[in-house]
S.K.: 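One structure, pasted below without further comment.
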Amino acid sequence: MKRVGVIGGGQLAWMMGGAAKKLGVELIVQTPSVNDPSVAIAQDTVLAPVDDATATAVLAKKCDVITFENEFVNLDALSLLAKQGVCFLPKLKALAPLLDKYNQRCYLRDLGLPVPKFFALEGDWEKLFLVPPSPPLPPSQLCFPVVLKARRHGYDGQGTFIVKDIKTLKQKIEASYIESDISQSLFLLEEFIPFERELAIIAARSVTGEVVTYPVVETQQEEQVCRRVIAPAEMTSELAAEIEEIAHTLLNSLEVVGVFGIELFLTEDGKVLVNEIAPRTHNSGHFTLDACETSQFEQHLRAVCGLPLGNTALLCPRAVMVNLLGYEDSQSDYMTKRQQLQQIPQAHVYWYGKTESRPGRKLGHVTVLLENTRDANLVSAIAHNIESIWYSN
Ligand code: ADP
């Protein structure tokens with residue numbers, strides 16, 4: 001029996017519950033509220049924010065290994081625990097280059113992986129910019145639109161702004177400077193990619209260095225938030241191989257142990273660019289719960305427990321996953337809608353058990369398994385059906 005500590009107790013930790021039972025693993029979570037989804041499936045809970053390293057020291061006493069479902073941690077404080085012998089998997093040095101989006105872009109670029117052009121903002125507006133390129137580039141030479149991103153703590157599009165002109169850029173930067181009293185160097189600026197599609201790949205690496213990947217998926221975002229995932233994405237085998245190679249390079253270079261999610265842009269001319277690395281299980285891999293022999297959650301536990309990795313193959317020709325996002329402030333459990341969704345053939349409905357709904361909050365998801373891959377309109381018809389049930393009044 002292994003006892004696995006999980007920093008973060010949201011839906012990603014909750015979805016490890018089934019796999020933990022199957023593998024005979026105990027889960028102990030560190031999460032701020034008793035209402036957080038994973039408290040219901042955990043053997044024990046340390047009630048504290050994820051960046052509270054004193055609480056993580058308590059967590060460490062209760063388990064053999066600590067892993068992450070949330071990367072908003074205080075790495076410096078955790079490093080002290082690691083020095084005292086606490087085992088983190090993935091290791092902290094695998095997380096270190098990734099937690100700040102600017103550092104992450106630099107790391108990927110230095111590895112030779114393709115990324116959008118990017119800049120760090122430095123100095124006051126008047127003498128702004130940039131690393132890279134050097135010499136510094138004045139904002140007047142920027143090509144709009146650009147994408148402004150908070151370097152840390154962004155998620156589900158929070159902290160990501162598509163900016164259309166220089167006036168708006170100046171306003172955004174100055175407003176956040178005044179609002180939060182933070183320095184402008186906390187932003188990353190990058191070129192806007194007019195992508196043809198967004199793609200993602202889930203990959204896992206074991207303690208022995210074995211790397212496996214899941215089929216590349218298409219992800220569909222609206223207002224920077226993931227709405228749908230289609231597995232597998234339609235593409236040539238050459239393109240899939242190129243993306244798998246990116247995953248191998250990244251996980252091996254970081255010596256990751258566990259599951260990582262990699263988000264990508266595919267441009268009109270067939271070029272792939274890495275957008276973002278999630279150093280944990282990821283929304284784009286939820287389909288694996290029902291559509292693959294080994295879910296991303298089981299795979300992650302297998303990796304951090306030192307078990308051999310499982311098979312990542314799809315069990316059906318195609319799957320579509322639709323997020324159920326909050327669309328109002330409410331405390332409803334939406335039982336009637338969930339029952340309606342259950343009626344869809346081959347649908348698997350997941351409800352994260354959150355006690356409060358807010359606009360944009362991820363409350364659950366539905367995965368539908370498909371036998372027929374020839375009907376190109378089927379996927380969008382199913383997604384549309386799920387969304388019309390969920391978002392109707
Ligand atoms: P988050 O950490 O909030 O998920 P991301 O960097 O993944 O932020 O951005 C969220 C979404 O915003 C992406 O999935 C994409 O749709 C859009 N986006 C982000 N960066 C760019 C870019 N450089 N060009 C075009 N769209 C982008």
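Atoms within a ligand are numbered from 1 in the order they appear, just like the ligands themselves.
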S.K.: Are Arg227 and Glu222 close enough for a salt bridge, meaning some N to O gap below 4.0 Å?
M.R.: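 Salt bridge: yes.
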S.K.: List ligand 1 atoms under 4.0 Å from Glu263, heavy atoms only on the residue side.
M.R.: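 Listed by number with element: 7 (O).
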S.K.: For residues Asp269 and Thr267, is any side-chain donor paired with an opposing acceptor at under 3.5 Å?
M.R.: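 Thr267 and Asp269 do have a side-chain donor-acceptor pair below 3.5 Å.
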S.K.: Check Tyr155 against ligand 1 and report side chain, backbone, both or neither, counting heavy atoms closer than 4.0 Å.
M.R.: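 Only the backbone of Tyr155 comes within reach of ligand 1.
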S.K.: Please tell me whether Asp76 and Ser79 have a donor and an acceptor in their side chains that are separated by less than 3.5 angstrom.
M.R.: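 Asp76 vs Ser79: no donor-acceptor pair found between side chains.
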S.K.: Identify, for atom 3 (O) of ligand 1, the protein heavy atom at the shortest distance, and state residue, atom and that distance.
M.R.: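 Looking only at protein heavy atoms, the one closest to atom 3 (O) of ligand 1 is Gly157 N, 2.6 Å.
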S.K.: Taking atom 24 (N) of ligand 1 as the point of reference, which of Ile193, Ile277, Leu264 owns the nearest heavy atom?
M.R.: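 It is Ile193 that holds the nearest heavy atom.
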S.K.: Suppose we measure from atom 8 (O) of ligand 1 to each protein heavy atom; which comes out shortest, and what is that distance?
M.R.: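 Protein heavy atom with the smallest distance to atom 8 (O) of ligand 1: Lys101 NZ, 3.3 Å.
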S.K.: State the atoms of ligand 1, each with its element, that fall below the 4.0 Å cut-off from a heavy-atom position in Asn275.
M.R.: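 Heavy-atom distances to Asn275 below 4.0 Å select 5 (P), 6 (O), 7 (O), 13 (C).
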S.K.: Contact between Thr294 and Tyr214 at the side-chain level, heavy atoms closer than 4.5 Å - yes or no?
M.R.: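 With C-beta onward as the side chain, the pair touches.
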S.K.: Using a strict cut-off of 4.0 Å, indicate which atoms of ligand 1 neighbour a heavy atom of Glu190.
M.R.: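 The list of qualifying atoms is 20 (N), 21 (C), 22 (C), 23 (N).
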S.K.: Any side-chain donor-acceptor pair under 3.5 Å between Thr208 and Ser206?
M.R.: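 Short answer, yes.
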S.K.: Answer yes or no for Gly154: is there a heavy-atom contact with ligand 1 below 4.0 Å?
M.R.: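 Contact present.
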S.K.: Using a distance-only test with no angle check, is there a side-chain donor-acceptor pair under 3.5 angstrom linking Asn283 and Lys362?
M.R.: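 Yes, a side-chain donor-acceptor pair sits under 3.5 Å.
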S.K.: Would you indicate which of Gln104, Gln158, Glu276, Glu223 comes nearest to atom 4 (O) of ligand 1 when only heavy atoms are counted?
M.R.: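 Among Gln104, Gln158, Glu276, Glu223, the closest heavy atom to atom 4 (O) of ligand 1 belongs to Glu276.
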S.K.: Does Trp14 use its side chain to pair, donor to acceptor, with the backbone of Ala42 at less than 3.5 Å?
M.R.: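 Looks like no, no N/O pair under 3.5 Å.
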S.K.: Looking at non-hydrogen atoms alone, which of Lys117, Lys149, Glu191 comes nearest to atom 19 (C) of ligand 1?
M.R.: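 When every heavy atom of Lys117, Lys149, Glu191 is considered, Lys149 comes closest to atom 19 (C) of ligand 1.
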S.K.: Identify which of Gln221, Glu198, His153, Gln224 has a heavy atom lying nearest to atom 13 (C) of ligand 1.
M.R.: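 Minimum heavy-atom distance to atom 13 (C) of ligand 1 goes to Glu198.
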S.K.: Please write down residue, atom name and distance for the protein heavy atom closest to atom 22 (C) of ligand 1.
M.R.: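 For this ligand atom, the closest protein heavy atom is Val147 CG2, 3.5 Å.
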S.K.: Among all protein heavy atoms, pick the one closest to atom 26 (N) of ligand 1 and tell me residue, atom and distance.
M.R.: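 Residue, atom and distance for the closest contact: Phe195 CE2, 3.6 Å.
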S.K.: Taking the six-membered ring for Trp and the full ring for Phe, Tyr or His, determine whether the centres of Phe119 and Phe187 are under 6.0 Å apart.
M.R.: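 No, they do not, as the ring centres are separated by 6.0 Å or more.
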S.K.: To check your reading of the model: name the closest protein heavy atom to atom 18 (N) of ligand 1, its residue, and the distance in Å.
M.R.: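 Ranking protein heavy atoms by distance from atom 18 (N) of ligand 1, first comes Phe265 CZ, 4.0 Å.
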S.K.: Are any of the side-chain nitrogens in Lys62 or Asp44 under 4.0 Å away from the carboxylate oxygens of its partner?
M.R.: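 Yes, charged N to carboxylate O under 4.0 Å.
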